[in-house]
Participant: 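Once you've had a glance at the structure underneath, I'll fire off some questions.
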Amino acid sequence: MAGSRQPPTEVHRDLARNGMAPADFRQDLNELAVRWIGDETWTYRTTFSRPEEQDEGQDVKTVLNFEGLDTFASVYLNDELILASDNMFIQHRVNVTLQTKNKLEIVFESARLKGLELIKQHPEHRFIVHQTEISRGPVRKAQYHWGWDWGPILMSCGPTKPIKLETYFCRLEELRVRYELSPDLKRVHGTIQVKYELLAGDCELCLGVLNQQTDKMEWAKSISISSLGQAGDQDPSETGTSLCDVPFELRDVQLWWPRGYGPQSTYLIMAVARAGTHVLHNLEQVTGFRRVDLVQEPDAHGQSFYFRINHVDVFVGGSCWIPLDNELSRHHPEKEGSSAYRKWIKLAAEGNQTMVRVWGGGAYEPDDFYAAADEFGVLVWQDFMFACANYPAYPTYLAGVELEARQNVRRLRHHPSIVVWAGNNEDYQIVERYGLQYDTDDKDPQSWLKTDFPARYIYEHLLPKVIETETVGVPYHPSSPFGNGTSSVLKVDPTIGDVHQWNVWHGTMQPYQQLPEMGGRFVSEFGMEAYPHVETLEKCITRKEDRYPGSMAMDFHNKAIGHERRLVSYVSENFRLRHDLEGFAHLTQVMQADAVGLAYKAWRRQWGTKGRGGRKCGGVLVWQLNDCWPTVSWAVVDYYGVPKPAYYAIKRSMRPIAVGVQRRFRDWTMRPADELWQRDTSHIDMKALWEDVQFDVWIASNGQQEDLVGGAILAVKFVSVKTGEEVAEAIVKQVSSGQLGNGTTKILHDARVEPPAKQDNDLAYDLAYDLASYNNDHNYDLAEADPFVIHVTLHDAKGQLVASDCSWPDPIKYLHFPDRGVQVRYPDKFTAVVTAEKPVKGFVFGEVSQAALSDNGFDIMPGETWTVKTTSFYAIDKLKWRYVEMEG
């Protein structure tokens, strides 16, 4: 195709560049204008000269290295077919003989149409897919390209990864470290394995291990290798390559730790092939030494599911990751956007997130992604690329899957951040929903291939074998979610395995206030939708007349099932609806932050304490961290990298030391036929909602901080929404550092609010007493009601605030709270100081992509000061701000 970019690239970008498609499919309804592209055949063509090294008489090898072709690609060199590829996740190396001038041509066929052909060719299999059309089932391509409930249909094709011409005499192909840590984690021993090609003669192979923290060479050795493979065995998987294994040992090893638990120490593994003083080839690889255990043991709650790193139990709080873009080449590290992955992982880390889960409907991410996770101490849960479908298992498909798995596991296995591989996303839910064959007593993998769920062979036999042979010490989990092979394997079971909790938003659409009771041993998906900030909406909705909630363009940019109807339902249940774009967007964000923040703090509370019936919940991953285009979705950070308030809610909930307060939920959404109606002749019981308040208070800690040396003071205040005054006597507790460990510490349980002692002519007392003594025989005067916020603070021995939390009466829409007395001061252009005279709900700066705020989306109590800084050079006083019930 004339006028295309050099790889990495893809057809949509090249057509837009040449004026044959909209410049940006992300805007308005432009996605519809590019759908036709996915049904066409596209050809890329280039010419190049033979490299000088291949001149006649030189003993060299020439290879065309195709790192990734998307997806059905026929490659012709000088009109001769040299490669036919049908899997975008596989790298191909093709030996070639070049002419003086050469023509390279790649023909890409439509993945959608090829998928439909494959379905016809395999009538023996029952193809089932969710979210999209059936053609994706047999195609090894990023499944979200067919569209998802957060992304567009964009059936791309093209050379989405680099194509390299390599000419060499000696090549070091692969560097692998196998190791074991001693029981005390102070020594490491193992082997360094090098796969190499040497066309003729002998050379010296120099190996070394460099401690990157001290810049000291910890171990080194040199050996002789030969083109006859005398230093090692021939690799049976690839003709012409040899393997060399060299034992090594390190003492006083510095471990790699997750963020917040220790340093991210790494070592540089080096291999250099020399002939005399001439370097023939060198290979380097950064790795870290750590021990990983996925603890799945019987306990009082069923069977545990949590991670233990270097003998330390780690509560995992993080998010699920989807590809950064529908155009994968846009952010390839060798092209523009090379630092994008590091910025995103850094953003997750700065939000106190300890894990990202690479979702199985996307792609195996570039090395930069995992290198950033290693650097910032963010654990990675890595899915294999299967999602929401009943995949086939005919021989050619299995062969491609095995090669895909081995290549990608080999590429990624040295990253210490990867702590688990999972077979797929939600494929066992397909089994349950459609009644596919699954016999838990059948342990014969060959028999699984004969059922209507043959992919069980992939998830429970093929992929575990790949992990066993290609990695050391990294757990494998057959699916997400999965119940670990018991009779409950096919359903969400809160007592075993991991769960995807979608009865908030999807399913039964429970009130999000019920999330604390809807968890499991590990919650690997849950979420709540929200609009991005207005700046992002204005980038993708270009016509002013379309910038209102529910416009066609707005609906088009929300791909979720039920989209606006579900979103409006949740907002209207909790808040007074606003119909302007700014107001409605703000309410969705506050609602998402409330839901997500509540879940994180409540499920972290269930981490408990080891040995005392704890570890009920081992972690929580929100769906999702990011977007692949500007949209309305569950993401806590939008396509342009702008955090929503929910991002900051997670950040606060996942502090090394955090406090939590939760009042007992009274469901005002119950219908008239429910028990509450029958008992009280009303489904709204104001006494239960605003007066008969029971609440719990706790402290969560990762056990690695010394913030509370010398003790601390925890205070619980009850602040009137109306007046900002305290309606009851505060509760103050002394907390010693010895009380806190790696877990949660109960401070108050089922506590109740006590009215203050009566003073003469004390109107505040009379109101509180009247409320406390209210019963159904009296009329209820809303004008006299005084609902309150429970505000909890934790200060260290020096009086510095360590953490805070608050609990508002639900629902917010029943409250009336004007005249908050909000003040925002700007000591300098990059700092804002926010205070209020009365309780404020959902204070949000309208964040933009340049701002990079330290905090946002918080509630403000009287006497509290919130200081927000920009971590960029954007002037914070340019940002608009608003809060719930703010006028205008």
Participant: Do you see a donor-acceptor pair shorter than 3.5 Å between the side chains of Q27 and T542?
Facilitator: no
Participant: May I ask you to establish whether R663 and F788 are in a cation-pi arrangement, using a distance under 6.0 Å from NZ or CZ to the six-membered ring centre and at most 45° from the ring axis?
Facilitator: yes
Participant: For H586 and G842, indicate whether the former's side chain and the latter's backbone hold a donor-acceptor pair under 3.5 Å.
Facilitator: yes
Participant: Just to verify, which of F526, W150, W502 counts as forming a ring pair (Phe, Tyr, Trp, His ring centres under 6.0 Å) with W634?
Facilitator: W502
Participant: Hey, can you tell me if F845 and F843 have their rings parallel, tilted or perpendicular (30° and 60° cut-offs)?
Facilitator: perpendicular
Participant: Taking CZ in R752 as the centre, count heavy atoms belonging to other residues, nucleotides or ligands within less than 6.0 Å. Is the count above 12?
Facilitator: yes
Participant: Quiz question: by atom type and distance under 3.5 Å, do the side chains of D855 and W866 form a donor-acceptor pair?
Facilitator: no
Participant: Checking the side chain of R547 only, and the main-chain atoms of E538 only, is there a donor and an acceptor separated by less than 3.5 Å?
Facilitator: yes
Participant: Is it the case that E529 and W505 place a side-chain donor and acceptor less than 3.5 Å from each other?
Facilitator: no
Participant: For the residue pair Y647 and E847, confirm or rule out a side-chain donor-acceptor distance under 3.5 Å.
Facilitator: no
Participant: List the atom of D877, the atom of Y826, and the distance in Å for their closest heavy-atom pair.
Facilitator: CA-CE2, 3.5 Å
Participant: Has K559 got its NZ or CZ under 6.0 Å from the middle of the six-membered ring of F556, at an angle within 45 degrees of the ring axis?
Facilitator: yes
Participant: Could you tell me if K539 sits above the aromatic ring of Y640, with its cationic atom closer than 6.0 Å to the ring centre and no more than 45 degrees from the axis?
Facilitator: yes
Participant: Do Q514 and N503 get their side chains close enough for a donor-acceptor pair, meaning under 3.5 Å?
Facilitator: no
Participant: Ignoring hydrogens and angles, tell me if any N or O in the side chain of R578 forms a donor-acceptor pair with the backbone of E885 under 3.5 Å.
Facilitator: no
Participant: Answer whether the closest heavy-atom distance between the side chains of V356 and S319 falls below 4.5 Å.
Facilitator: yes
Participant: Taking atom NZ of K733 as the centre, report whether more than 12 heavy atoms of other residues, nucleotides or ligands fall under 6.0 Å from it.
Facilitator: no
